[in-house]
Amino acid sequence: MDANTRFDIAALERWMDANVTGFRGPLDVEKFSGGQSNPTFKLTAASGQYVMRRKPAGELLKGAHAVDREARVMKALAQQGFPVPHIYGLCTDDSVIGSWFYVMDMVEGRIFWDGDLPAVPAEERSAYYDAMGATLAQLHSFEPTASGLADFGRPGRYLQRQIERWSRQYQEDEMAGRSPDMDFLVEWLPNHAPQLEETCVVHGDYRVDNVIFHPTEPRVIAVLDWELSTLGHPIVDFTYHLMAYRVPSSIRWGLAGRDLPALGIPGEEDYIAAYCRRTDRADIADLNVYIAFNLFRFAAIVHGIKGRMLRGTASSAEAADLVRHMDDFAAIARHTAEQG
């Protein structure tokens with residue numbers, strides 16, 4: 001049992017009794033297999049089921065694993081009618097279970113880990129993708145000040161600051177090693193990033209496997225994993241979601257190389273057009289620059305997972321498999337940049 005799984009369940013039960021309305025024990029705890037960054041647990045009690053997200057144990061990079069930011073943005077967006085789980089409470093007292101955590105509602109629905117949605121009939125898959133695109137466009141429509149999130153991030157220079165942040169995290173994690181493609185992108189991206197001024201709340205990790213769909217309908221009922229959310233530019237956020245079209249199917253959510261018409265999944269151009277219609281845009285200029293950046297950022301995130309794995313603090317059994325693909329993401333990012 002790793003350090004992320006070992007904690008005082010009785011102490012957590014006492015905290016929930018004091019802080020979660022309607023809670024009744026006893027409490028049973030089961031770790032979910034996902035949650036590469038913040039370990040995630042299913043909590044079963046007499047009063048129902050809950051989900052807990054905690055900071056991982058051990059040495060952490062500065063600013064990472066911000067469960068308090070996750071809880072804050074979900075509470076704010078719930079008040080705007082956006083589909084997120086209900087937050088019961090946030091604990092910033094390390095003495096309870098050894099790190100900060102929050103408890104939220106357990107949303108019952110379907111999570112699809114594979115981008116081709118094999119459990120969905122082909123004639124229905126387009127509707128599921130349309131629901132994902134519509135939900136992200138809805139998020140981007142919220143005005144930060146009206147949502148109580150005016151100070152959730154810094155306005156302006158979002159793409160430049162993101163390039164700086166992920167370049168720094170990649171370079172500072174010396175234990176995880178170096179990649180020639182990543183080093184190329186660290187130099188290339190600052191010289192090609194468009195100047196962007198528009199600001200909205202961005203999710204930062206919007207993928208098919210971070211969305212819960214209704215049990216039977218093509219409707220998003222909850223968006224999960226808000227650790228990377230901030231104030232930023234909607235196109236950067238949308239093109240992170242769009243990079244699934246460039247990622248090979250060896251990554252479960254990747255669509256590159258799949259027969260999309262036969263699968264009933266919209267092609268990249270149609271998916272872009274639908275988002276642009278919803279957000280009143282003519283098109284997306286500099287598309288490959290955004291895609292290259294997002295692939296670079298994802299590779300940097302996986303690079304961080306590699307570092308945590310080597311330090312013994314990686315929180316998921318799937319960490320090693322994901323790390324094996326890090327160089328692939330970096331290579332696709334560089335190829336996209338050189339095309340663009």
Side-chain angles (χ1 to χ4, degrees), residues 34 82-83 107 109-141 202-225 234-284 286-295 297-299 301-302 318 321-322 325 328-329 331-333 335-336 339-340:
F82 189 77
V107 178
R110 290 179 295 170
I111 296 178
F112 300 112
W113 298 95
D114 297 286
D116 59 348
L117 309 184
V120 175
E123 64 272 16
E124 298 178 17
R125 290 175 186 145
S126 179
Y128 281 80
Y129 268 83
D130 194 60
M132 275 199 297
T135 300
L136 188 58
Q138 180 190 13
L139 174 66
H140 295 163
S141 73
V202 296
H203 180 274
D205 195 17
Y206 192 77
R207 301 196 315 259
V208 65
D209 52 343
N210 280 332
V211 169
I212 300 179
F213 286 94
H214 184 276
T216 60
E217 301 172 12
R219 178 162 56 88
V220 174
I221 58 173
V223 178
L224 308 176
D225 202 351
I235 293 302
V236 180
D237 203 32
F238 172 68
T239 50
Y240 175 90
H241 176 51
L242 193 70
M243 77 177 181
Y245 285 95
R246 312 294 182 98
V247 170
S249 57
S250 55
I251 302 295
R252 294 181 65 176
W253 47 268
L255 296 176
R258 298 187 192 267
D259 187 345
L260 300 185
L263 289 168
I265 294 173
E268 182 182 83
E269 289 187 6
D270 290 337
Y271 202 64
I272 293 171
Y275 177 83
C276 288
R277 284 195 301 271
R278 289 186 169 110
T279 57
D280 196 26
R281 301 174 192 278
D283 56 20
I284 299 177
D286 301 308
L287 178 65
N288 274 359
V289 177
Y290 298 120
I291 296 288
F293 161 70
N294 278 304
L295 287 162
R297 190 186 74 150
F298 193 84
I301 291 170
V302 177
E318 288 79 23
D321 184 61
L322 190 56
H325 289 285
D328 297 331
F329 281 102
I332 298 168
H335 177 69
T336 303
Q339 280 184 319

Go through it in stages, so that I can follow the logic: the residues are I235 and R281, the test is side chain to side chain contact (heavy atoms under 4.5 Å, CB included), and I'd like the CA-CA distance, side-chain angles, deciding distance and then a yes or no. CA-CA 10 Å; I235 293 302; R281 301 174 192 278; 3.7 Å; yes
Side chain to side chain contact (heavy atoms under 4.5 Å, CB included) for I272 and E268? Distances and angles first, verdict last. CA-CA 6 Å; I272 293 171; E268 182 182 83; 3.9 Å; yes
Worked check of side chain to side chain contact (heavy atoms under 4.5 Å, CB included) between I212 and L224: CA-CA 8 Å; I212 300 179; L224 308 176; 3.8 Å; yes
Check the pair F293 / M243 against side chain to side chain contact (heavy atoms under 4.5 Å, CB included), numbers first and verdict last. CA-CA 10 Å; F293 161 70; M243 77 177 181; over 6 Å; no
Applying side-chain hydrogen bond (donor to acceptor under 3.5 Å, both in side chains) to H241 and Y271, what does each step give before you reach the verdict? CA-CA 11 Å; H241 176 51; Y271 202 64; 2.7 Å; yes
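D116 places no side-chain N or O within 3.5 Å of a backbone atom of L255 that could act as its donor or acceptor partner. At least one donor-acceptor pair closer than 3.5 Å links the side chain of R125 to the backbone N or O of V120. Judged by distance alone, with hydrogens and angles left aside, the side-chain atoms of Y206 form a donor-acceptor pair with the main-chain N or O of M132 at under 3.5 Å. Not a single donor-acceptor pair under 3.5 Å links the side chain of R246 to the backbone N or O of I291. With hydrogens and angles ignored, the 3.5 Å screen pairs no side-chain donor or acceptor of D209 with any backbone N or O of F112. At distances below 3.5 Å, at least one donor-acceptor pair connects side-chain atoms of N210 with backbone N or O atoms of D205.
When all heavy atoms of G115 and Y129 are compared, the closest pair comes out as O-OH, 2.5 Å. Heavy-atom minimum distance, R258 versus G254: NE-O, 2.7 Å. In terms of heavy atoms, F213 sits closest to P218 at CD2-C, 4.4 Å. Annotation for A262 and A122: closest pair O-CB, 4.3 Å, computed over non-hydrogen atoms. Residues V220 and P83 share a closest heavy-atom pair of O-CB, 3.9 Å.
Considering only residues two or more places apart in sequence or on other chains, R278 meets the salt bridge (Lys or Arg N to Asp or Glu O under 4.0 Å) condition with D130. By the side chain to side chain donor-acceptor pair (under 3.5 Å) test, Y275 pairs with H140, sequence neighbours left out. Every residue two or more places apart in sequence or in another chain that forms a side-chain contact (heavy atoms from CB on, under 4.5 Å) with E123 is listed here: P121. The side-chain contact (heavy atoms from CB on, under 4.5 Å) test applied to R252 returns W113, D114, not counting sequence neighbours. Every residue two or more places apart in sequence or in another chain that forms a side-chain contact (heavy atoms from CB on, under 4.5 Å) with S250 is listed here: P248, H325. Residues passing the side-chain contact (heavy atoms from CB on, under 4.5 Å) test with H335, sequence neighbours excluded: Q339.
One finds the CG atom of L136 at 5.5 Å from the CG atom of D237 (value rounded to the nearest 0.5 Å). Atoms OG1 and CG, from T336 and L287 in turn, are 9.5 Å apart once rounded to the nearest 0.5 Å. Taking CG of L242 as the reference point, atom CG of N294 lies at 9.0 Å (rounded to 0.5 Å). Atom OH of Y240 is separated from atom CG of L295 by 9.5 Å, given to the nearest 0.5 angstrom. For the atom pair SG (C276) and CZ (F238), the distance works out to 6.5 Å, reported to the nearest 0.5 Å.
Looking only at side-chain heavy atoms (C-beta outward), V211 and T135 stay at 4.5 Å or farther from each other.
Heavy-atom neighbours of D280 CG from other residues, nucleotides or ligands within 6.0 Å: at or below the threshold of 12.
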